[in-house]
Structure formats: C-alpha cells, structure tokens
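Numbers here are sequence positions counted from 1. The analysis underlying the following values was restricted to heavy atoms, covering all of them including side chains, and did not include hydrogens, waters or symmetry mates.
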Amino acid sequence: MIIMYGIKNCDTIKKARSYLEKNNIPYEFKDFREDGLNPVQLRAWMKELGWEKIINKRSTTWRNLPDETKENMNETLALVVAEDQPTIIKRPVLELPDQVMVGFSEKTYATLL
C-alpha cells in the first residue's frame, strides 16, 4: 500500500492525489496537521533521503525561521524543526513498499508507479 503524507490544502498534494486517483492507484493519505507526525518515521525518511531533501527551503515556514537556525541547519536541527513545524517538510512524502520519495513529478510517478 502506498501512503502519501502532506497537508490536504497544499497545491502539490492536490496534484499528486489527482494523479493517483486518475490512474486508479490505491493509496492512503495522512495529513501532518490532522494525523500528526511520527518522529521515528521522520528520522527514517531523513536517513534514507537526507535532511536536505526532506526540508523545503522554499517554504514560508523556512523563510520564517530565524537566520541563526537556517545557517546552522543540520540533520539534528532539521528533525527538531520538522517535528515542531511539519509544514517545513517538502510535500508529498510518498512511502512505497521499497522506498520513500519526496515531491511530485508526473514523469517520476509514471515511472515508479
């Protein structure tokens, strides 16, 4: 089963969900705001992909961080910030049976799914 994580009102999430539904690909959706975020799972994503791929440096949440936090960002700090402010996580996070992917690209989805 594919699990998609994100925030339901995010435009990228809407595109990704639409793609899956249009192509009859079953998935479960989990909203960071409503369902929370499992810190163990977040650590696993960062271990697999690296914090740089998980943290969205183009997000409003990133821009609102203190400069000192942004300048000193590392995996440990990324975990703390993402647990506290999950909207900083790049969306969607897609858990497939054998890998995790972040972001939406129709081409990539078509290849992997």
Side-chain angles (χ1 to χ4, degrees):
M1 171 62 95
I2 295 170
I3 303 174
M4 179 185 293
Y5 296 86
I7 298 167
K8 66 182 167 192
N9 64 345
C10 168
D11 289 339
T12 307
I13 290 291
K14 290 176 183 176
K15 289 176 192 173
R17 292 182 79 175
S18 175
Y19 178 87
L20 294 177
E21 290 163 7
K22 182 174 74 177
N23 289 283
N24 297 316
I25 300 170
Y27 70 98
E28 179 182 348
F29 178 72
K30 296 195 178 192
D31 190 302
F32 293 142
R33 288 186 178 146
E34 293 177 10
D35 302 318
L37 180 62
N38 181 333
V40 173
Q41 191 171 37
L42 179 59
R43 282 184 187 86
W45 295 343
M46 286 195 186
K47 183 177 180 180
E48 183 172 337
L49 300 175
W51 71 265
E52 297 90 343
K53 276 199 167 184
I54 299 294
I55 300 299
N56 185 356
K57 291 185 177 180
R58 296 186 326 188
S59 71
T60 303
T61 305
W62 174 267
R63 288 191 299 270
N64 289 335
L65 290 176
D67 288 339
E68 184 179 344
T69 301
K70 292 187 273 193
E71 291 163 7
N72 294 305
M73 189 62 66
N74 59 27
E75 184 173 336
T76 302
L77 188 52
L79 282 165
V80 171
V81 172
E83 285 180 41
D84 185 50
Q85 301 179 67
T87 55
I88 201 167
I89 298 171
K90 194 176 290 182
R91 300 177 292 269
V93 176
L94 210 63
E95 281 190 345
L96 305 170
D98 58 346
Q99 73 180 48
V100 175
M101 60 185 286
V102 177
F104 173 70
S105 158
E106 194 167 319
K107 183 179 178 181
T108 303
Y109 272 41
T111 303
L112 291 176
L113 308 175

**Item:** Glu48 (side chain) donor-acceptor with Val100 (main chain) under 3.5 angstrom
**Value:** yes
**Asked** Do Ile54 and Leu77 share a hydrophobic cluster, counting only Ile, Leu, Val, Met, Phe, Trp and Tyr and linking them when any side-chain heavy atoms are less than 4.5 Å apart?
**Response** yes
**Prompt:** Are the side chains of Pro92 and Thr12 in touch, meaning some heavy atoms are under 4.5 Å apart?
**Reply:** yes
**Prompt:** Are the side chain of Asn74 and the backbone N or O of Thr76 linked by a donor-acceptor pair below 3.5 Å?
**Reply:** yes
**Item:** Donor-acceptor under 3.5 Å (Asn72 side chain, Glu68 main chain)
**Value:** yes
**Message:** Applying a strict under-4.5 Å side-chain criterion to I, L, V, M, F, W and Y, I'd like to know whether Phe29 and Val93 cluster together.
**Reply:** no
**Request:** Could you check if a side-chain atom of Val102 sits within less than 4.5 angstrom of a side-chain atom of Trp45, using non-hydrogen atoms only?
**Result:** no
**Prompt:** Under 4.5 Å between any side-chain heavy atoms of Ile88 and Leu65, yes or no?
**Reply:** yes
**Prompt:** Are any of the side-chain nitrogens in Glu52 or Lys90 under 4.0 Å away from the carboxylate oxygens of its partner?
**Reply:** no
**Whether over 12 other heavy atoms sit under 6.0 Å from Lys70 NZ** = yes
**Request:** May I ask you to test the Arg33-Thr87 pair for a side-chain heavy-atom distance under 4.5 Å?
**Result:** yes
**Message:** Is there a side-chain contact between Glu83 and Arg43 in this structure, where contact means two heavy atoms from C-beta onward sitting under 4.5 Å apart?
**Reply:** yes
**Heavy-atom side-chain contact between Glu106 and Lys15 under 4.5 Å** = no
**Asked** Does Thr60 reach the side chain of Asn64, with side-chain heavy atoms less than 4.5 Å apart?
**Response** yes
**Message:** Strictly distance-based, threshold 3.5 Å: is any side-chain N or O of Thr111 a donor or acceptor partner for the main-chain N or O of Lys107?
**Reply:** yes
**Request:** Kindly compute the distance separating CG (Leu113) from OH (Tyr19), expressed to the nearest 0.5 Å.
**Result:** 6.5 Å
**Request:** Answer whether the closest heavy-atom distance between the side chains of Met73 and Val81 falls below 4.5 Å.
**Result:** yes
**Message:** Any side-chain to backbone donor/acceptor pair from Arg91 onto Gly103? Under 3.5 Å, distance only.
**Reply:** no
